[in-house]
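For reference, the structure is listed below as structure tokens.
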Amino acid sequence: KQYDVAVLGATGTVGNAIIEILESRSFPVRNLFLLASSHSAGETIHFRDEEITVLDVAEFDFSKVQIGLFSAGDSVSKEYAPKAVAAGCVVIDNTSEFRYEDDVPLVIPEVNAHAIGQYKNRGIIANPNCSTIQMLVALKPIYDAVGIARINVATYQAVSGTGKEAIEELAQQTMGIFNQNPHDPHIYPKQIAFNVLPQIDVFMENGYTREEMKMVWETQKILEDKTVMVNPTAVRVPVFFGHSEAVHIETCKKISAEAATTLLENAPGVAVYDERVPGGYPTPFTEAADNDPVFVGRIREDISHPMGLDLWVVSDNVRKGAALNSVQIAEILIKKYLM
Ligand code: 2RA
């Protein structure tokens, strides 16, 4: 069976990756509609053997499609997801707009694919935040084996997490510094080139940022376990693509680094890259295979806590962190629910 699919936010970083992955994974698309705001309408994007013209979402009739893959910002999903659902479309939403609503499933296929069946509640399936996805793909096998009481995590997030403009900004700032007199570089506190910024999204009352609280809320919702304590620090770093995370967990039962490594080597969506030699670990430059795995390295028992285990987790934030995860959800949706 084939499906008519809409990609909203088609001209964005994640939208472009969704289109590429729909093709590379041979998703059974009959008609593909590329949607964006009026100022992007008219552009063309290559898909399979044709150039498809981007349409203005404001003028689109969602009854033409069965599946919508949305990644155009919270406010755009807030406006158009209900309209698309009313027209009979199932929406897989990459924004945070619906993630925290009890009747909207929040899904990482390798972790809680069973939750996709709840799509009937609102016609919407939410895609988690990229930093949550890679962390839980890595932690799921350990959680299932020995339980996790607490997660301390520091993230090192690429600028592509905020889109094309941020990628351009890092490039411009970097070149700007190289072209300046190296003896008096003007480093500004909010500059990202050659800097690290311990703030992603806005500050909340409790002193954490919204990006950090997303990791708390989403971990507990996806694992269906409010006893898992999560303590994140989310940091923006001058990297174009690929989020890295230093993850320090306290398990409920003791697990050795060797046993954890064996679990991870057999876990879906995970690639272990862990040699205790120079370069024996993943970085944002690690070549991802075509299935865009979550890489795990630096696996070691925590010397400061009897139940502690430390991991280094790296993944492409645009692909597995958003686009691929959404397409994987769509694949399960058509295989099990929309036959
Ligand atoms: C970021 N996780 O990295 C957020 C949204 N993609 O900016």
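Just so it is clear, the model here is predicted, and its values are computed rather than measured. When a ligand or atom number is given, it counts from 1 through the structure's own listing order.
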Would you check if there is a donor-acceptor pair between the side chains of E110 and Q328 at a distance under 3.5 Å?
yes
At a 4.0 angstrom heavy-atom cut-off, what protein residues surround ligand 1?
N129, C130, Q157, G161, T162, E211, R236, H243
State whether K140 and D144 are salt-bridged, where the test is any N-O pair (Lys NZ or Arg NE/NH1/NH2 against Asp/Glu carboxylate O) under 4.0 Å.
yes
I'd like to check F194 versus P238 (side-chain heavy atoms, cut-off strictly below 4.5 Å). Are they in contact?
no
Would you call E331 and K336 a salt bridge, taking side-chain N to carboxylate O under 4.0 Å as the test?
no
Lys/Arg-Asp/Glu bridge criterion (N-O < 4.0 Å) met for E79, K83:
yes
For the residue pair N31 / D4, report whether a side-chain donor-acceptor contact shorter than 3.5 Å exists.
yes
